[in-house]
**Q** 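After the structure tokens below, expect a handful of questions from me.
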Amino acid sequence: MRRKFSDDQITGFLKQAEAGASVTELCRQNGFSDTTFYNWRSKYGSPTLSKARRLKDLQAENALLKRLLGESILDNEMLKAALDQKGER
């Protein structure tokens with residue numbers, strides 16, 4: 001049976017290993033292989049790097065959304081102006 005672990009659980013395992021816990025013992029106690037652990041470590045990186053990467057991704061997404069919102073507001077204002085000019089004729 002394959003067991004799913006949440007991102008928080010995986011990060012917890014990675015933190016325990018970073019703090020000095022034996023990877024072999026950690027894997028045995030929690031029911032996953034050392035191969036799985038090392039795959040997680042390569043995928044998630046160190047927990048602090050993972051958080052920094054996530055923050056950077058969120059900042060980039062936020063900047064994109066702000067730009068799109070600004071463009072949408074400008075489009076809306078141009079449409080309003082065009083409708084006002086049409087109504088004045």
Side-chain angles (χ1 to χ4, degrees):
M1 182 170 100
R2 197 169 176 166
R3 187 169 170 200
K4 281 277 205 174
F5 293 98
S6 71
D7 287 346
D8 289 339
Q9 288 174 311
I10 293 169
T11 302
F13 298 143
L14 294 172
K15 283 181 183 178
Q16 288 177 38
E18 246 182 27
S22 162
V23 171
T24 305
E25 192 63 26
L26 189 63
C27 296
R28 187 186 62 73
Q29 288 175 350
N30 294 288
F32 54 86
S33 70
D34 59 340
T35 302
T36 298
F37 173 84
Y38 291 114
N39 285 338
W40 287 340
R41 191 168 74 179
S42 68
K43 180 180 176 183
Y44 290 92
S46 105
T48 53
L49 288 177
S50 179
K51 286 181 183 178
R53 186 177 312 127
R54 178 78 176 132
L55 177 61
K56 185 176 179 181
D57 290 346
L58 287 172
Q59 288 172 334
E61 182 181 10
N62 191 28
L64 172 65
L65 291 171
K66 283 181 178 181
R67 192 186 90 236
L68 292 173
L69 177 62
E71 290 173 1
S72 177
I73 290 171
L74 286 174
D75 289 344
N76 194 14
E77 291 298 319
M78 288 188 327
L79 287 172
K80 283 181 185 178
L83 287 173
D84 287 345
Q85 285 177 355
K86 209 174 196 183
E88 291 176 1
R89 289 184 197 181

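Bear in mind the structure is a predicted one, so any value in this text is a computation, not a measurement.
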**Q** Mind listing the side-chain donor-acceptor pairs of residues 73-83 below 3.5 Å, one per line with the distance, residues two or more places apart or on another chain?
**A**
none

**Q** Going by the rule side-chain contact (heavy atoms from CB on, under 4.5 Å), which residues pair with Ser6 if we only count those two or more places apart in sequence or in a different chain?
**A** Asp8, Gln9
**Q** How close do Leu26 and Gln16 get, heavy atom to heavy atom, and via which atoms?
**A** CD1-OE1, 2.8 Å
**Q** Any side chain to side chain donor-acceptor pair (under 3.5 Å) involving residues 25-37? Give me the pairs, sequence neighbours left out, ordered by first then second residue.
**A** Glu25-Arg28, Glu25-Gln29, Ser33-Thr36
**Q** First locate atom CG of Asn39, then atom OH of Tyr44, and finally report the distance between them rounded to the nearest 0.5 Å.
**A** 11.0 Å
**Q** Examine distances only and state if a side-chain atom of Thr11 and a backbone atom of Asp7 form a donor-acceptor pair shorter than 3.5 Å.
**A** yes
**Q** Partners of Phe5 by ring-ring contact (aromatic ring centres under 6.0 Å, His included), sequence neighbours excluded?
**A** Phe13, Phe32, Trp40
**Q** Got a sec, which pairs hit salt bridge (Lys or Arg N to Asp or Glu O under 4.0 Å) with one end in residues 58-72, sequence neighbours left out?
**A** Arg67-Glu71
**Q** With sequence neighbours excluded, tell me which residues meet ring-ring contact (aromatic ring centres under 6.0 Å, His included) with Phe37.
**A** none
